[in-house]
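Inspection log for the structure reproduced underneath, given as C-alpha cells.
Just so it is clear, the structure is predicted and the values come from calculations on it, not from any experiment. Indexing begins at 1, ligand by ligand and atom by atom, following the structure's order.
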Amino acid sequence: MEDIESISASIHDDITKVKNLKELSTLETLYLGRNGKINELLKKMKDKGPEERKTYGQSVNLIKENFIKLLISKKQALLTTANNDDYIDVTLPGNKYPKGSLHLISVAVEEISRIFEKISFIRVSYPEVEYEFFSFESLNMPKTHAARDDFETSFIQAPQHLQYGKMLLTPHTSSGQVREMWRVGTPPIRMINIAKTYRPNWDATHTPMFFQFEGLCIDTDINITHLKGTLDYFVKAYFGNDIEARLRPHHFQFTEPSFEVDVTCTVCKGTALVDKQRCRVCKSGWLELGGTGMVHPNVLISGKIDPNIYSGWAFGFGIERVIMMKYGIDDIRNYYSGDIRFLEQF
Ligand code: FA5
C-alpha cells in the first residue's frame, strides 16, 4: 500500500510541473506505458493474499482513473491557456491558401453556351476522333480537297470504316452538322456544338488543338437575315453593345453563299485609330471572327433533310480567337503554357 500512496502523490506533483504537450506525453508513458508505474503496481497483484488483493486492485484502478482525468484536464488547459508553448488562439484568422479558378476557355465555353441557350439553341458535343465522312464527305468536300491532305488533317492509324472511311482528329466542329441532322430527324434544328478540334499548326494565332463553337439552324423559310440577326445578338451579348458584326463574301464547300464574319475591333472600337495612330490590332476597324453561310443543299441531303422544304445557316468560330478579341490577348499559345501569372489575370 505504501507504493500506492507514493505513486498517487507523485502523480499530482508531476502533472503540476508539466509545461507543454510533449512533456505531458512523456508523463503519460511513464505512468500508463506497458512498463509504466501503474502497470508495475498491477503486476504486484499476484503477490497479494486473497483478502488484500481485492482492495489493492480497487486502489490501483482508482489511481489509474484519476491519472487519466488529470491528464485530460491538463491537456485541455495547455491548449486553451495563453503563456504556454501549446496555446492555440482559435480566434486568429487562418492561413490563406491560393485559390484555383476555372481556365478562361472553360469560362468562355459556359458563357457562350448560356448566350445561345437563351435563344433556344441546344448544346451538343460530337466525337473528337471522327470519320472522314462526317468531317469532309457529308460536308460536300470531295476527296481531292486540300483540307484532306496529311499536312492539314491529323489521321489516326486505325482500320478504315467501310462506309465512313478513315479515322481522324476532327479539324472543325462542322463534323457535327450531319450527325445533328441525323439525331434530330425532322427540323427545326437549333444546335450549338462546342468541341476540341485539331490541325497541325503552331504559331501566335494557331495551336494544334483549339476549341470551336458551331451554330446550326435549320427550319422552313430560314434566310440570311436570321443569320445576321443571330450573329449581331451573339457579338453584343459576348463583347458588348457597341460591337457589330458584318458579313464578307468568302468560300466554304458546305455553305452557299458563304461569308467570313468580322466584328468591330474591341481595341479601337471600329475607328481604326488608337491615340491618332493606326490601330495595330486590326488596322481597319474590323477583326475576323470565323466562317459562316447558308447550309449547302448537298449537306442537307447528307443529313436526310429535303432542301426543297428546309433551309438553314451555320457558323463556326474559334473560342481562343473570341477570347483574344475580348481581352486583347496577342499570343494564343499563352492559353496552354500553364503560366499561372497569365491565367491569374482572368
Ligand atoms: C472552319 O473551320 C469552318 N468549319 C467554319 C464554318 C462553319 C464555315 C460553318 C461555314 C459554316 P476556318 O478554317 O476558317 O473555318 O476556322 C474557323 C475559325 O477557327 C478561325 O477563324 C479561327 O478562329 C479558328 N481556328 C482555325 N484554325 C485554328 C488553329 N490552328 N488554332 C486556333 N484557332 C484556329
Enumerate the atoms of ligand 1 whose separation from the nearest heavy atom of [X] is less than 4.0 angstrom.
| X | value |
| --- | --- |
| I332 | 32 (C) |
| A314 | 9 (C), 11 (C) |
| G290 | 21 (O) |
| G291 | 6 (C), 8 (C), 10 (C) |
| F252 | 8 (C), 10 (C), 15 (O) |
| T205 | 31 (N), 32 (C) |

Quick check: does [X] get an N/O under 3.5 Å from an N/O on ligand 1?
| X | value |
| --- | --- |
| S174 | yes |
| R199 | yes |
| H172 | yes |
| T207 | yes |
| Q212 | yes |

Nearest to [atom], what protein heavy atom do you find, and at what distance?
| atom | answer |
| --- | --- |
| atom 22 (C) of ligand 1 | R321 NH2, 4.1 Å |
| atom 33 (N) of ligand 1 | F210 CD1, 3.4 Å |
| atom 7 (C) of ligand 1 | G316 N, 3.2 Å |
| atom 3 (C) of ligand 1 | F254 CZ, 3.8 Å |

### Task
Ignoring hydrogens and angles, state whether a donor on the side chain of Y198 or E128 is under 3.5 Å from an acceptor on the partner side chain.
yes
### Message
Does either side chain, that of R190 or that of S120, offer a donor lying less than 3.5 Å from an acceptor on the other one?
### Response
no
### Task
Please check atom 17 (C) of ligand 1 for a protein heavy-atom neighbour under 4.0 Å.
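Under 4.0 Å from atom 17 (C) of ligand 1, at least one protein heavy atom found.
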### Summary
Rounded to the nearest 0.5 Å, the CD1 atom of I194 sits from the CD atom of E110 at a distance of 8.0 Å
#### Entry: Distance, nearest 0.5 Å, that separates CG of L169 from OG1 of T197
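Nearest 0.5 Å value for the CG-OG1 distance: 10.0 Å.
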#### Entry: Nearest heavy atoms of F317 and G291, plus distance in Å
CE2-O, 3.8 Å
### Query
Taking all atoms of both residues into account, what is the closest heavy-atom pair of L287 and T266, and its distance?
CD1-N, 4.2 Å
### Task
Please work out whether the ring planes of F315 and F116 are parallel, tilted or perpendicular, with thresholds of 30° and 60°.
tilted
### Query
When you measure from atom 9 (C) of ligand 1 to each heavy atom in Q253, E152, E214, which option holds the nearest one?
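The residue whose heavy atom sits nearest atom 9 (C) of ligand 1 is E214.
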